[in-house]
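Below you'll find the structure, written out as structure tokens, and then a few comments.
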Amino acid sequence: MFMFFISSTLLLIAGIAGIYNDSDLKAFYAKSNIYIALFVPFFYLYFKYLIRDHQRFLFKDFMHIIFLFLAILERKFLLFDTLFDCKLNYFFSQFFAVYAIIYLRKIFLLLKKNVWNKKATLSIVMTQNELIKKWSIILFSVLVINIIRFYFVYYRQYLFFEPIIIGHSVEYLWASALVYIVLFVIILSYPEILYGYYKFQTEASKINPDSYINNYWNLNSKIQINNTHDQALKEKISSKIESYIFELNVVLYNNSYFINPNFSIKDLAQVLNIPKSHLTFIFKYHSEISFSDYKKISRIQNSLELINNKYLTSNTLDSLARKVGFSSYNPFFSCFKDVVGKTPREYVSTIKSNLNKLK
């Protein structure tokens with residue numbers, strides 16, 4: 001996010017300098033525009049964090065930035081020239097021409113594998129997949145356009161020896177700045193593309209069934225009610241919506257009802273002593289998940305509890321899948337990864353690793 005702000009600010013300054021022919025602003029842009037190159041590794045890290053199962057910043061991620069930053073400083077202050085007492089006949093743009101294409105390929109492969117070809121079993125994850133897929137395509141296209149623009153300038157300057165006139169090259173950069181600002185605002189406005197898949201994933205250690213406000217429920221409906229019957233029902237149960245959501249959330253994290261694959265919303269209504277029409281209304285207007293997804297997520301929560309209680313010490317993952325209500329291991333595997341962000345084996349390995357650290 002920081003790099004979007006820095007890049008848009010520099011481009012906006014350049015655009016203003018070009019429009020008003022301000023020599024001071026042009027000089028400032030000429031000295032600082034080299035840092036805009038940092039948007040490439042920042043794009044890569046942003047996409048990486050979109051698909052991660054956690055939002056912690058790792059030190060190794062910082063290396064993607066520091067490597068290019070050091071290369072910028074080296075050419076800006078000619079450190080190698082001073083160190084070796086000779087003039088190195090190369091420019092930063094020549095280094096960046098290679099660096100950009102390498103990272104463009106890394107980003108393409110990352111998105112192709114983890115976003116564009118990602119499969120899901122939960123409708124909520126499918127919807128998020130579609131949103132992140134479209135968003136990543138837009139951002140990747142912006143990145144490609146910027147790199148193509150760089151290569152266009154680079155080839156004109158170094159292959160055809162055409163001088164680049166600063167005034168002509170910055171006059172329309174205000175438009176690029178506006179694009180970056182719009183992208184920045186969009187990212188901040190949508191949690192799905194700010195936090196990525198992590199937004200809907202859960203960890204057993206972070207489950208709090210007493211907290212009914214989470215990613216799955218909305219106290220205020222996001223869908224406009226046009227149906228007369230539903231409008232009348234809303235007026236009837238509006239005072240009960242909060243308590244209904246609380247009860248549904250408690251059941252979501254603590255139950256074994258869905259071990260029975262035929263357990264329906266009618267059965268749940270009887271267990272909770274809530275009219276079926278009221279539950280149907282909640283899932284239609286106040287839930288981010290369908291009842292089918294609700295059952296699957298609840299089964300995964302049940303499996304997490306069993307794993308943490310050492311069920312796998314004497315049982316297999318296939319046995320676990322069937323115990324919590326899945327017909328076989330394959331749908332359990334897909335659903336587990338959608339909800340937790342890790343495969344069952346990866347999750348078990350994480351548990352074992354954490355236990356070893358405590359010893």
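Because only heavy atoms are used, hydrogens play no part in the values below, and waters and symmetry mates are left out as well, while side chains stay in. Starting from 1, each residue takes its place in the sequence as its number.
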Tell me the closest heavy-atom pair linking [X] and [Y], and the distance in Å.
| X | Y | value |
| --- | --- | --- |
| Cys335 | Lys296 | SG-CB, 3.4 Å |
| His286 | Ile245 | CB-CD1, 4.3 Å |
| Lys342 | Thr350 | CE-OG1, 3.5 Å |
| Leu104 | Phe140 | CD1-CE1, 3.8 Å |
| Tyr151 | Val98 | OH-N, 4.4 Å |

Would you say that [X] contacts [Y] through its side chain, given a criterion of any heavy-atom pair below 4.5 Å between the two side chains?
| X | Y | result |
| --- | --- | --- |
| Lys284 | Asp230 | yes |
| Leu248 | Leu268 | yes |
| Asn255 | Val271 | no |
| Gln301 | Ile297 | yes |
| Leu320 | Asn315 | no |
| Trp135 | Ile186 | yes |
| Asp267 | Phe258 | no |

Short question: side chain of Asp338, backbone of Thr121 - any donor-acceptor pair under 3.5 Å? yes

Whether Asn308 side chain and Leu304 backbone form a donor-acceptor pair below 3.5 Å: yes

Aromatic ring pairing Phe326/Phe332, orientation class (parallel under 30°, perpendicular over 60°, tilted between): perpendicular

Approximate separation, where rounding is to 0.5 Å, of [X] [atom1] and [Y] [atom2]:
| X | Y | atom1 | atom2 | value |
| --- | --- | --- | --- | --- |
| Ser141 | Asn146 | OG | CG | 11.0 Å |
| Ile132 | Leu111 | CD1 | CG | 10.5 Å |
| Lys295 | Ser290 | NZ | OG | 9.5 Å |
| Lys276 | Ser264 | NZ | OG | 8.0 Å |
| Tyr244 | Leu272 | OH | CG | 10.0 Å |
| Glu247 | Leu279 | CD | CG | 9.0 Å |

Listed partners of Thr280 passing side-chain hydrogen bond (donor to acceptor under 3.5 Å, both in side chains), at least two apart: none

Evaluation steps, side chain to side chain contact (heavy atoms under 4.5 Å, CB included), between Ile289 and Ser123: CA-CA 7 Å; Ile289 55 178; Ser123 60; 5.7 Å; no

In plain terms, say whether Arg322 and Asp318 are close enough for a salt bridge, that is, a side-chain N and a carboxylate O under 4.0 Å apart. yes

Run the salt-bridge test on Glu288 and Lys222 with the 4.0 Å N-O cut-off and return the result as yes or no. yes

Checking side-chain polar atoms at under 3.5 Å, does Tyr257 have a donor or acceptor matched by the opposite partner on Ser298? no

Tyr103 and ring pair (Phe, Tyr, Trp, His ring centres under 6.0 Å): which single residue from Phe108, Phe96, Tyr44, Phe67 fits? Tyr44

Partner of Tyr294 under ring pair (Phe, Tyr, Trp, His ring centres under 6.0 Å), picked from Tyr216, Phe283, Phe263, Tyr253, is Phe283

Verdict with supporting geometry, Arg105 and Leu109, side chain to side chain contact (heavy atoms under 4.5 Å, CB included): CA-CA 6 Å; Arg105 182 177 181 276; Leu109 294 176; 3.5 Å; yes

Consider only side-chain heavy atoms of I, L, V, M, F, W and Y, link residues closer than 4.5 Å, and tell whether [X] and [Y] are in one cluster.
| X | Y | value |
| --- | --- | --- |
| Ile259 | Leu252 | no |
| Leu143 | Leu110 | yes |
| Phe43 | Ile145 | no |
| Met63 | Leu68 | yes |
| Tyr99 | Ile107 | yes |

Given side chain to side chain donor-acceptor pair (under 3.5 Å), test Thr316 with Tyr329 step by step and report yes or no. CA-CA 10 Å; Thr316 64; Tyr329 178 70; over 6 Å; no

Flag yes if more than 12 heavy atoms outside Lys234 fall under 6.0 Å of its NZ atom; otherwise flag no. no

